[in-house]
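These values consider heavy atoms only, across backbone and side chains, with no hydrogens, waters or symmetry-generated copies. Only a predicted model underlies this, so the values are computations on that prediction, with no experimental measurement involved.
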Amino acid sequence: MLLTYDRSTKNISNMSEDFAEGRRLYYYDKGEEIPLSHQGVWQVYRGVIQLSRFNPNGEEVLLGWAMPLTYFGNWFSCLNTYYAKALADVYLNWYSLGEIDESPLLAQNILHQVVHRIRQTEALLAISGLRRVEERLTELLFLLKNEMGEPHPLGTRIKVRFTHQNLANTIATTRVTVTRLLGDFQRQGFVSMDNDRHIILLHDK
């Protein structure tokens, strides 16, 4: 279930940094909705964006996350209820469709990121298909570790702080269930929390 990366990803990341250099940055606060347009795409310069949609009964369905140097926007989706929210304070770059059309290198870079987003969404779909809630939460934590983990003396720290309700919404369960399972995982030595309530996946787990 864990996503893998190869050397080509690093090359594309260098290209993304080259494109972003010297551009105007747009700032949005944590929790703020990002305005979307069909006339261009956003690129995350710093921070993390949560991508989701709302189904007819108003429930939010998670589609994935846009990490630094990745792209998102209505241009990538056929969903009328596509929604983007800052999970932390974020800085974004904006690219118009005209810029993309005029730059084959930029278009190639964006295509690579779209492939990654498809793989991320497929991983979330696979998690949602697991029968047991404990399995869904475990696999979600491993996916978050791979997507947004950073080294920590105890293991790997997920650098975005997810509330128990965030996690519950992602795996279609209740906040109470997630709180109980995370308590079980802590007693089993699978996870820990830092002082800022970020989840740490411990070594050798």
Are Q188 and D184 linked by a side-chain donor-acceptor pair shorter than 3.5 Å?
-> no

Between the main-chain N or O of [Y] and the side-chain N or O of [X], is there a donor-acceptor pair closer than 3.5 Å?
X: E139; Y: R136; result: no
X: Q50; Y: A86; result: no
X: H203; Y: T156; result: no
X: T70; Y: M67; result: yes
X: T121; Y: L63; result: yes

Given side chain to side chain contact (heavy atoms under 4.5 Å, CB included), test S192 with L202 step by step and report yes or no.
-> CA-CA 7 Å; S192 182; L202 301 179; 3.8 Å; yes

Nearest atoms (heavy-atom pairs only) where [X] meets [Y]:
X: A84; Y: L36; result: CB-CD2, 4.2 Å
X: M148; Y: V48; result: CE-CG1, 4.3 Å
X: K159; Y: H198; result: O-CE1, 2.9 Å
X: G73; Y: Y82; result: O-CE2, 3.5 Å
X: P68; Y: G47; result: CD-O, 3.3 Å
X: L130; Y: E135; result: CD1-O, 3.8 Å

dist T163:OG1 -> R175:CZ (nearest 0.5 Å) comes out at 9.5 Å

Could you grab the distance from atom CG of L143 to atom NZ of K145, nearest 0.5 Å is fine?
-> 12.0 Å

What do you reckon, are the aromatic ring centroids of Y95 and W42 less than 6.0 Å apart?
-> no

Do the two ring centres, one from Y45 and one from Y91, sit under 6.0 Å apart?
-> no

Say whether V133 and L62 are linked into one hydrophobic cluster, either directly or through other cluster members, by side-chain heavy-atom distances under 4.5 angstrom.
-> yes

Between V115 and H112, does a side chain to side chain contact (heavy atoms under 4.5 Å, CB included) hold up when you go through it step by step?
-> CA-CA 5 Å; V115 170; H112 180 91; 5.8 Å; no

Pairing of D194 and R157 as salt bridge, 4.0 angstrom limit = yes

Can you spot which of N93, V44, N109, V114 makes a side chain to side chain contact (heavy atoms under 4.5 Å, CB included) with Y71?
-> N109

Who passes side chain to side chain donor-acceptor pair (under 3.5 Å) against Y27, sequence neighbours left out?
-> D29, D89

Quick one: do F162 and L87 satisfy side chain to side chain contact (heavy atoms under 4.5 Å, CB included)? Show the steps, please.
-> CA-CA 8 Å; F162 286 88; L87 287 184; 4.0 Å; yes

